[in-house]
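Note sheet for the following structure.
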Amino acid sequence: MSPFPQTERTRLRRIPKRGFFDRETIYPIIDEAFVCNVATTVEGHLRMIPTAHWRHGDRFYIHGAKASKLLKALAAGTDACVNVTLVDGLVLARSAFHHSMNYRSVVLFGKAQVVTDEAAKMASLEHFVERVFPGRWSEVRPPNPKEMAATSVLYFDMAEVSAKVRTGPPVDDDEDHALDTWAGVLPLQLQAGALIDDPLLRMGIAAPNADEILQQRQANFGVD
Ligand SMILES: Cc1cc2nc3c(=O)[nH]c(=O)nc-3n(C[C@H](O)[C@H](O)[C@H](O)COP(=O)(O)OP(=O)(O)OC[C@H]3O[C@@H](n4cnc5c(N)ncnc54)[C@H](O)[C@@H]3O)c2cc1C
């Protein structure tokens, strides 16, 4: 598939070599991240709100309470900008100036659409649950009509989207290589802890194999 076109808004001016516009780079970043930040104008003021997201094909989904001011503004067709960021490491340079981070991030621009068809809305909520914790949907009670009515599902058709990726060691000034200061990268990653039973869990219910499920989740990055 051809990469996303670079637009006036998405063309990287600062260090453009770190920019990517292909789905093979962009989709795994979106799929790996649990949280995005959505910026839009709410009642005349700029607002940025963190929220969970998921992707299906070229669509970037969010959901929430129908009463959410952010979702109401988006549903009304307000322009939005969305960011997803994964921090992969601290880049420790010999100079304070050249400290940095290794990261993978995505920025997308657009207007959201509301999923109005009930069957499509239920299917997209299933995608959401399966993206976060594969296999979970078939084990849980699905949303009832009241819960569905209280929930909005919106999506952005991804068309104007960019990724920026930094990898590798610090980029120090030549003369600073003579310094005695340690330099390099401290890799960072999100790590799952051990499952904790709900105190109200009935006896005899086995916990899921979280390691296996998270491996499955990882295998799904970038896949539709
Ligand atoms: C974890 C993290 C830490 C960072 N720390 C710093 C910092 O401390 N100081 C700093 O100056 N910069 C930092 N950056 C880089 C920062 O995101 C910008 O890319 C950079 O500041 C250039 O900004 P600009 O407005 O000049 O971008 P421009 O290059 O003018 O942006 C033009 C377009 O390029 C795209 N774009 C730009 N940046 C990104 C991005 N990060 N991800 C996806 N698309 C992008 C967007 O579509 C944007 O509209 C960091 C990035 C990340 C992810």
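Classified by interplanar angle (parallel below 30°, tilted 30° to 60°, perpendicular above 60°), the ring pair Phe60/Phe156 is perpendicular. Under the 30°/60° scheme for interplanar angles, the aromatic rings of Tyr61 and Tyr155 are found to be tilted.
Salt-bridge formation is detected for the pair Asp224/Arg55: a Lys NZ or Arg NE/NH1/NH2 atom is positioned less than 4.0 Å from an Asp or Glu carboxylate oxygen. A salt bridge is defined here as a Lys NZ or Arg NE, NH1 or NH2 lying under 4.0 Å from an Asp or Glu carboxylate O, and Arg13 with Glu8 meets this definition.
The structure places CZ of Arg166 at 12.5 Å from OG of Ser105, a figure rounded to the nearest 0.5 Å.
Residue Glu118 places its CD atom among more than 12 non-hydrogen atoms of other residues, nucleotides or ligands, all under 6.0 Å distant. Annotation: Glu175, atom CD; neighbour count of heavy atoms from other residues, nucleotides and ligands within 6.0 Å is above 12. Within 6.0 Å of atom CD1 in Ile15, more than 12 heavy atoms from other residues, nucleotides or ligands are found, so the atom counts as buried in its surroundings. Within 6.0 Å of CD on Gln216 lie more than 12 heavy atoms contributed by other residues, nucleotides or ligands.
Between Ser162 and Leu12 there is a side-chain heavy-atom pair separated by less than 4.5 Å. Counting only heavy atoms from C-beta outward, the side chains of Leu70 and Thr40 approach each other to under 4.5 Å.
The side chain to side chain donor-acceptor pair (under 3.5 Å) test with Arg104 singles out one residue from Thr25, Asp88, Thr85, Thr167, and that residue is Asp88.
For Glu43, the salt bridge (charged side-chain N to carboxylate O under 4.0 Å, His left out) test picks out Lys69, with sequence neighbours left out.
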